[in-house]
Protein chains: 2
Amino acid sequence: MADVAARAGVSLKTVSRVVNNAPHVQPELVERVLAAVAELGFRRNPQASSLRSGQPSATIGLLIEEIANPFYATIAGVVAEIARQNDTMLIIASSEEDPDREQQLLREMCTRRVDGLLVVPAGDDHAFLRAEIELGTPMVFLDRPAGGLIADTVLLDNRGGARDGMRRLLEAGHRRIGILLDSLGVYTMRERLDGAQDALAPAGVPYDTRLVRDGIRGPSAAARVVSEMLDRPDAPTAFFSLNNRITLGVIEELHRRGSDAALLGFDDFDMAGLVPYPLTVIAYDTRELARAAAELLFRRIEGDRSWPRTVVLPTELVARGLAPR
Amino acid sequence: MADVAARAGVSLKTVSRVVNNAPHVQPELVERVLAAVAELGFRRNPQASSLRSGQPSATIGLLIEEIANPFYATIAGVVAEIARQNDTMLIIASSEEDPDREQQLLREMCTRRVDGLLVVPAGDDHAFLRAEIELGTPMVFLDRPAGGLIADTVLLDNRGGARDGMRRLLEAGHRRIGILLDSLGVYTMRERLDGAQDALAPAGVPYDTRLVRDGIRGPSAAARVVSEMLDRPDAPTAFFSLNNRITLGVIEELHRRGSDAALLGFDDFDMAGLVPYPLTVIAYDTRELARAAAELLFRRIEGDRSWPRTVVLPTELVARGLAPR
DNA sequence: TAGCGCTCGGACAACGTTGTCACAATAGCG
DNA sequence: CGCTATTGTGACAACGTTGTCCGAGCGCTA
């Protein structure tokens with residue numbers, strides 16, 4: 001900046017004023033300064049600038065489980081767009097469902113003085129963020145609630161959606177429904193399982209633990225479990241898959257066998273209309289989830305200090321897949 | 001930091017030493033300082049730190065077209081992981097194929113003094129980055145080459161892959177092959193179309209422009225084009241779709257009609273093994289693409305000043321989809 | 001023409017940290 | 001016991017920028 005000032009024949013402060021579009025500078029000087037800036041390729045250092053002026057960093061952080069997963073990729077896309085609209089840069093990191101890693105990454109983001117955080121929590125204790133919140137960093141949790149912390153949260157109606165879906169299966173006369181899920185350690189899985197149970201009691205169907213299988217990590221594991229269940233004498237007449245990766249495996253196995261079991265899956269997915277098996281999915285608006293969370297965050301950043309709120313977004317039952325030809 | 005020093009009864013500099021794990025500090029003092037740090041909730045300001053010490057920002061930027069797109073999401077995931085392994089934060093932004101927006105976002109990243117940039121170019125002139133490169137910011141372009149700039153680049157063998165795929169169709173006896181593509185403004189589309197043409201001449205099949213349709217933006221547009229082509233008297237016996245969104249639409253229409261046209265698609269996709277139509281895809285390793293680019297970038301950041309290199313990754317023909325039941 | 005207010009430019013300090021250097025205290029040596 | 005090394009500590013300036021404040025120069029009025 002001093003070089004620019006020398007070149008333009010003005011004081012350092014005048015250059016600062018020009019660079020910051022401050023008033024009270026002669027048009028002629030402005031021009032000279034801008035010329036010098038262009039010639040010397042000067043660009044102001046935002047670190048020094050915000051150090052002195054105490055301005056925010058115009059950066060937010062987004063912590064998700066896994067970027068490559070379409071659910072999180074969709075969220076990241078929406079957040080990136082809203083961040084751009086707010087002239088804010090976006091730092092993204094993946095916790096890979098590891099609480100230690102989550103904590104480390106969130107700390108790092110806070111250290112970098114992000115203006116706000118959007119977090120899909122991995123661990124179940126986020127007390128370490130309390131100091132940061134009190135220090136004034138806004139934070140919005142999405143898809144799952146934070147542990148041990150009262151904070152803004154945007155969730156899906158996992159429980160209600162699962163209950164509605166199960167009710168549909170029960171109304172169709174199914175009494176033996178296989179329920180397949182990933183880890184019970186994940187909040188959404190617990191909620192969805194609870195929702196399924198909610199529907200059983202009013203229908204007079206007992207909760208049979210032999211029909212519930214957890215720890216299913218991917219499509220092929222799901223296919224194996226389905227195969228095994230169908231081979232039992234009291235095979236299920238319907239399946240409820242609690243996430244879309246499991247749904248894929250179930251479809252694969254049911255299609256392979258030419259089975260006519262009903263299939264209900266939580267999570268919609270791309271190409272769900274093209275899969276070779278009729279299924280009903282519990283769908284929701286992922287983009288709306290991200291939008292609500294990001295908008296809330298920016299309202300907080302702009303100074304909204306009202307009491308933390310929790311938003312729950314609805315789910316919807318949708319018929320998908322192709323009938324067998 | 002001054003408060004911490006006062007509380008621990010040491011000088012400010014000693015606190016700095018402790019915070020930076022510098023040697024030559026008495027263990028007892030270290031302890032007192034750390035206690036004061038904990039009590040006051042002190043965290044050093046990396047902006048001021050790097051302002052003074054001139055250290056790099058430990059941040060890289062990734063510019064892609066659209067985060068929600070699985071191709072870019074996969075890239076982002078790999079880059080995020082490699083960044084983490086290098087203790088580096090990752091800023092992600094989407095250009096949405098808009099050259100102006102690309103330029104604006106890249107400038108902003110450079111202003112923030114990122115240590116390096118990974119760019120999927122949207123525009124075709126990146127001369128504005130030359131000053132930045134000469135200033136010492138490493139940059140690696142991926143999936144598409146930069147315009148008007150000699151720089152590190154990691155590409156896929158679009159042309160070779162398309163040629164091999166077409167050759168396969170020609171060997172199977174197809175002579176009328178419908179070619180469907182998105183905009184010719186996109187580098188990869190041009191390369192793939194060139195590759196298709198490369199295969200036609202040696203097989204003695206003329207290039208018939210009536211069989212080539214560009215400007216196809218999504219699955220439903222693709223389905224319409226297929227429908228129209230199949231209704232013509234000299235309907236194609238095979239289709240070559242130049243990206244996976246188009247492939248989806250083609251499948252939909254071919255399946256709907258119960259057609260037996262052969263289908264070749266560029267880009268593999270999730271669930272490609274579950275779609276209700278037999279198809280061959282030109283697949284490649286997206287993760288490897290991202291890995292190669294990110295590794296190269298970090299080698300540059302670590303000081304590798306060798307001549308810019310261009311890496312071209314191979315493609316592979318893979319049979320996918322389910323035969324009709 | 002003196003006095004007044006208004007505009008604009010520049011000197012200076014400060015943001016929070018660390019590199020440099022100097023000095024004090026201790027240990028090691030002849 | 002005095003000398004030099006070595007280690008531990010602190011004063012100071014500097015990184016690049018901007019907020020504060022003062023005063024120079026200007027035009028206007030009485």
Side-chain angles (χ1 to χ4, degrees), chain A residues 1-37 39-59 107-108 110-115 132 135-137, chain B residues 1-37 39-59 107-108 110-115 132 135-137:
Chain A
M1 211 154 120
D3 295 345
V4 173
R7 176 128 194 166
V10 298
S11 84
L12 206 139
K13 180 64 195 179
T14 302
V15 177
S16 171
R17 278 201 252 261
V18 171
V19 168
N20 292 286
N21 296 316
H24 308 314
V25 181
Q26 282 186 17
E28 187 203 319
L29 286 195
V30 171
E31 213 159 302
R32 258 167 47 206
V33 169
L34 289 180
V37 163
E39 281 169 44
L40 300 175
F42 167 81
R43 288 227 303 284
R44 96 163 185 271
N45 181 333
Q47 305 197 358
S49 174
S50 77
L51 173 61
R52 170 65 238 232
S53 61
Q55 289 157 358
S57 61
T59 308
R107 279 189 194 283
E108 178 63 24
C110 290
T111 295
R112 298 197 176 212
R113 305 287 202 271
V114 291
D115 297 345
E132 200 58 44
L135 217 126
T137 306
Chain B
M1 211 153 121
D3 295 346
V4 173
R7 177 129 193 161
V10 298
S11 83
L12 203 138
K13 179 65 200 180
T14 301
V15 176
S16 170
R17 279 196 257 260
V18 171
V19 168
N20 292 286
N21 295 318
H24 309 314
V25 182
Q26 282 187 18
E28 188 203 318
L29 285 194
V30 171
E31 215 159 299
R32 265 179 25 218
V33 169
L34 289 180
V37 164
E39 282 170 44
L40 299 176
F42 167 82
R43 289 225 305 282
R44 94 162 188 269
N45 181 333
Q47 305 196 2
S49 174
S50 77
L51 173 61
R52 171 64 237 232
S53 62
Q55 289 157 359
S57 61
T59 307
R107 279 188 193 283
E108 178 61 26
C110 289
T111 296
R112 299 199 175 211
R113 306 288 204 270
V114 291
D115 297 344
E132 201 58 45
L135 217 129
T137 306

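Sequence lines set the chain letters: A, B, ... in the order given, protein chains first and strands last, and positions in each chain run from 1. These numbers come from the heavy atoms of this one structure, side chains and all, not from hydrogens, waters or symmetry mates.
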Test item: B:Asn20 side-chain N/O and B:Ala22 main-chain N/O as donor-acceptor pair under 3.5 Å: no

Could you identify which residues of residues 26-37 of chain A place a heavy atom less than 4.0 Å from some atom of DNA chain C, listed by residue number, or say none? A:Gln26, A:Leu29

If an axis is fit to five pairs at each end of the helix from C:dT1-D:dA30 to C:dG30-D:dC1, what is the angle between the two, to the nearest 10°? 50°

How would you summarise protein contacts on nucleotides 19-27 of chain C per nucleotide, using B for base, S for sugar-phosphate only and - for none, with heavy-atom distances below 4.0 Å? BB-------

Point-to-point distance, once rounded to the nearest 0.5 Å, from CZ of B:Arg43 to CZ of A:Arg113: 6.5 Å

Quick one: salt bridge (charged side-chain N to carboxylate O under 4.0 Å, His left out) pairs with a partner in residues 1-14 of chain B, sequence neighbours left out? B:Arg7-B:Glu39

Rounded distance (Å) that lies between atom C1' of C:dT17 and atom CG of A:Leu51: 8 Å

Round to a whole Å and report the spacing from CG of B:Leu12 to P of D:dA13. 15 Å

Whether B:Thr14 contacts D:dT9 is assessed here as follows: a side-chain N or O lying under 4.0 Å from the phosphate OP1 or OP2. Is that the case? no

Provide the closest heavy-atom pair for B:Val25 versus B:Thr14 in the form atom of the first, atom of the second, distance. CG1-CG2, 4.2 Å

Side chain A:Arg32, main chain A:Ala8, donor-acceptor under 3.5 Å: yes

In chain order, what residues pass the salt bridge (charged side-chain N to carboxylate O under 4.0 Å, His left out) check against A:Arg112, with sequence neighbours excluded? A:Glu108

Using a cut-off of 4.0 Å on non-hydrogen atoms, how would the nucleic acid contact of A:Val25 be classed: base, sugar-phosphate, or nothing? sugar-phosphate

Do A:Val18 and A:Leu29 touch side chain to side chain, with heavy atoms closer than 4.5 Å? no

Has the side chain of B:Thr111 got a donor or acceptor atom that lies under 3.5 Å from a matching backbone atom of B:Arg107? yes

Expected output: side-chain A:Ser50 to main-chain A:Ser57 donor-acceptor under 3.5 Å: no

For DNA chain D, find the residues of residues 40-49 of chain A with a heavy-atom distance under 4.0 Å and give them by number; none if there aren't any. A:Phe42, A:Arg43, A:Arg44, A:Asn45, A:Ala48, A:Ser49

Can you tell me how far apart CG (A:Asn45) and CD (B:Gln47) are? Round to the nearest 0.5 Å. 9.5 Å

